[in-house]
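Written below as structure tokens is the structure these notes are about.
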Amino acid sequence: MLIRHVSTVITSCCAGVYIGYKYKENVASVKHYFLSNIYAKSAPPSTNDSLVNSENNVNIPFQSESSKSKVVSNAGQIVKYGFPSTDNLRSYEDFMLSYDRRTRTASWVLEHLTPEKVNRVDGVERSKLKFLEDESIHGYHRATNKDYLGSGYDRGHLAAAANHRQSLNAMSQTFLLSNIAPQVGAGFNRDSWNSLEKYVRALARKNKNVYVCTGPLFLPRKEADGKLYVRYEVIGENHVAVPTHFFKVLVVENSQGQFELQSYVMPNQPLPEVRLQNYLVPLEVIERAAGLLFFQNIPKKMFTKINARQTP
DNA sequence: TTTGATGT
């Protein structure tokens, strides 16, 4: 049962990605990304993968007989001199992000769009703004403008500037380099990815609410020895990671209160002029690749449409 | 229109 389900997912995900590339030379390499055995070796979803149980004790998977009666943790002593930390969450005026210190870019950025938010407001213009380091992030892990200078990559917004027009402050925060990732300029950031962003704003104008989650992917690829490797460039003194792909997951709530889900993956490469629909990828594929779970508070059965298909 | 880089 499970095996059949998983193979269906793999087939459909490859088909979805394949369509996007039928005109390109790199079909084989992209196919490898999604044929990765990380999808094949599926495990049933766990409802509780937390290390902390309901009594707020730390779960210890293998207890000795003597310790079984009382579950304890030495956490207090262990972290006495400091915790390496994952204080990665940032809330800005109109978007939130989770920062990945290792890649010097965000793992995900979350936005809520409405018709009002994407309307033009006098005085809120990107020409007044500059890309800035995010000083809330430690200098060791912070991307700088110098990292991007001469790299050949654009400083690509994750939360798009034009999605946050209600105030200059809101828009200025999208220029923090924590919200930026290295993107191929011509053919990607300025073209196909920009088309996707414009499409999202068009949806925001026509619907009650749009929730958008955007982030980078670092996908494995099969190399000459037949093994899978994740390979990506790093730029500048701070080694800002250049993602292999980007994802964008949308939840659209219309005026009737119906929900639609759309999930996209685009490779960080110059792309031919193709329909956005060709980049729709099953949500599960993105969740597995990114290590994230999106919009979990909406039961799947609530979606009337998923990736352009009416749900039964 | 919106996405950028680069040079003065």
Side-chain angles (χ1 to χ4, degrees), chain A residues 20 92-95 97 104-106 108-109 111-134 143-207 210 212-217 232-238 240-248 250 262 264-276 278-279:
Chain A
Y92 301 99
E93 185 177 321
D94 203 34
F95 66 95
L97 66 75
R104 271 63 96 165
T105 183
W108 54 260
V109 171
E111 301 165 85
H112 167 234
L113 306 181
T114 60
E116 295 72 36
K117 283 188 188 175
V118 294
N119 273 347
R120 270 184 198 75
V121 171
D122 279 348
V124 182
E125 300 156 26
R126 61 179 290 148
S127 59
K128 296 179 177 173
L129 300 169
K130 287 178 181 167
F131 292 96
L132 292 172
E133 290 178 27
D134 188 337
T144 66
N145 282 311
K146 200 180 162 199
D147 292 325
Y148 284 84
L149 187 69
S151 69
Y153 291 97
D154 279 8
R155 292 167 289 185
H157 283 75
L158 296 174
N163 290 357
H164 304 281
R165 287 166 151 146
Q166 71 273 32
S167 76
L168 195 59
N169 184 57
M171 186 181 276
S172 72
Q173 290 178 337
T174 70
F175 282 77
L176 291 169
L177 292 178
S178 46
N179 179 51
I180 300 297
Q183 290 187 327
V184 169
F188 185 75
N189 182 37
R190 307 171 202 178
D191 297 291
S192 43
W193 185 254
N194 189 25
S195 300
L196 179 56
E197 291 179 335
K198 285 195 270 194
Y199 169 66
V200 172
R201 282 192 288 281
L203 285 175
R205 285 189 192 94
K206 288 188 298 193
N207 290 279
V210 176
V212 193
C213 192
T214 308
L217 291 171
Y232 55 89
E233 182 181 354
V234 295
I235 58 171
E237 282 178 1
N238 294 302
V240 182
V242 180
T244 64
H245 295 67
F246 290 90
F247 69 80
K248 198 178 276 292
L250 315 176
Q262 297 180 25
Y264 295 87
V265 172
M266 284 187 167
N268 191 12
Q269 300 168 5
L271 298 175
E273 198 75 36
V274 288
R275 284 201 233 160
L276 291 176
N278 293 343
Y279 296 95

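Reminder, nothing fancy here: chain letters follow the sequence lines and each chain counts from 1.
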Separation of [N] [atom2] from [X] [atom1] (nearest whole Å):
| X | N | atom1 | atom2 | answer |
| --- | --- | --- | --- | --- |
| A:Met171 | B:dT1 | CE | P | 14 Å |
| A:Tyr153 | B:dT3 | OH | C1' | 17 Å |
| A:Asn145 | B:dT6 | CG | P | 11 Å |
| A:Tyr148 | B:dG4 | OH | P | 11 Å |
| A:Asp154 | B:dT3 | CG | P | 12 Å |
| A:Lys128 | B:dT2 | NZ | P | 15 Å |
| A:Phe175 | B:dT3 | CZ | P | 7 Å |
| A:Met266 | B:dT3 | CE | C1' | 14 Å |

Check: [Y] main-chain N/O paired with [X] side-chain donor or acceptor under 3.5 Å:
| X | Y | value |
| --- | --- | --- |
| A:Gln173 | A:Glu93 | yes |
| A:Thr244 | A:Leu217 | yes |
| A:Asp147 | A:Glu237 | yes |
| A:Asp154 | A:Phe188 | no |
| A:Arg104 | A:Asn238 | yes |

When you check the phosphate oxygens OP1 and OP2 of [N], does a side-chain N or O of [X] lie under 4.0 Å from one of them?
| X | N | result |
| --- | --- | --- |
| A:Arg120 | B:dT2 | yes |
| A:His157 | B:dT2 | no |
| A:Arg126 | B:dT2 | no |

A:His157 and A:Phe131 aromatic centres sub-6.0 Å = yes
Out of B:dT3, B:dT1, B:dT6, whichever nucleotide has its closest atom nearest the side chain of A:Leu149 =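 Between B:dT3, B:dT1, B:dT6, the one nearest the side chain of A:Leu149 would be B:dT6.
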Evaluation steps, side chain to side chain contact (heavy atoms under 4.5 Å, CB included), between A:Phe246 and A:Leu158 | CA-CA 9 Å; A:Phe246 290 90; A:Leu158 296 174; 3.9 Å; yes
Selection: residues 176-200 of chain A, any non-hydrogen atom under 4.0 Å of DNA chain B = A:Asn189, A:Arg190, A:Asn194, A:Glu197, A:Lys198
For A:Asn163 and A:Gly150, take the nucleotide of DNA chain B holding the closest heavy atom to each; which residue's nucleotide lies nearer the 5' end?
-> A:Asn163
